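Note sheet for the following structure.
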Amino acid sequence: MDEPAIRDVLGPVTAGGIPPTGLPEFWDLEAGDGGGAEVYGDALGLAFNRFPPGQILDHVAELARRTGAAVRRRSCSRPPPSPEARSSS
């Protein structure tokens with residue numbers, strides 16, 4: 001991934017800012033809509049944890065668009081509702 005693109009896209013929503021050289025091992029993102037996320041990794045690949053829909057997801061999508069990176073969902077924190085639960089709603 002392109003480090004300048006990471007800085008351009010994630011820098012404005014990085015809590016405390018990104019250091020002038022290199023990338024931290026992990027850092028927090030905070031968006032204007034109140035959403036936040038944890039970021040782990042380096043310029044070879046980043047993992048985003050616990051982010052809600054909204055501006056943070058917009059930044060992740062923009063970073064993927066600018067760098068040509070793939071976005072994969074590794075796990076789901078909430079299983080899908082059972083057929084019984086769906087029919088009772």
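On a predicted model such as this, the values are computed, not experimentally measured, just so you know.
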ask   = Which atom names give the shortest non-hydrogen contact between A5 and T67, and what distance separates them?
value = CB-CG2, 3.8 Å

ask   = How would you list all residue pairs meeting salt bridge (Lys or Arg N to Asp or Glu O under 4.0 Å) that involve residues 54-66, not counting sequence neighbours?
value = D8-R66, E62-R65

query = Residues two or more places apart in sequence or in another chain: which of them pass salt bridge (charged side-chain N to carboxylate O under 4.0 Å, His left out) with E38?
reply = R50

request  = Could you walk me through whether L63 and L46 pass side-chain contact (heavy atoms from CB on, under 4.5 Å), step by step?
outcome  = CA-CA 10 Å; L63 183 60; L46 298 174; 3.9 Å; yes

inquiry  = Any side-chain to backbone donor/acceptor pair from H59 onto V9? Under 3.5 Å, distance only.
reply    = yes

ask   = Do N49 and V39 come within less than 4.5 Å of each other through their side chains, counting heavy atoms only?
value = no

remark   = Between the CD atom in E3 and the CG atom in L44, the distance rounded to the nearest 0.5 Å is 10.5 Å

Donor-acceptor list for residues 15-37 side chains, cut-off 3.5 Å, not counting sequence neighbours:
{"from": "W27", "atom 1": "NE1", "to": "T14", "atom 2": "OG1", "distance (Å)": "3.3"}
{"from": "D33", "atom 1": "OD1", "to": "G35", "atom 2": "N", "distance (Å)": "3.0"}
{"from": "D33", "atom 1": "OD2", "to": "Q55", "atom 2": "N", "distance (Å)": "2.9"}

request  = Could you list the residues that satisfy side-chain contact (heavy atoms from CB on, under 4.5 Å) with A64, not counting sequence neighbours?
outcome  = V71

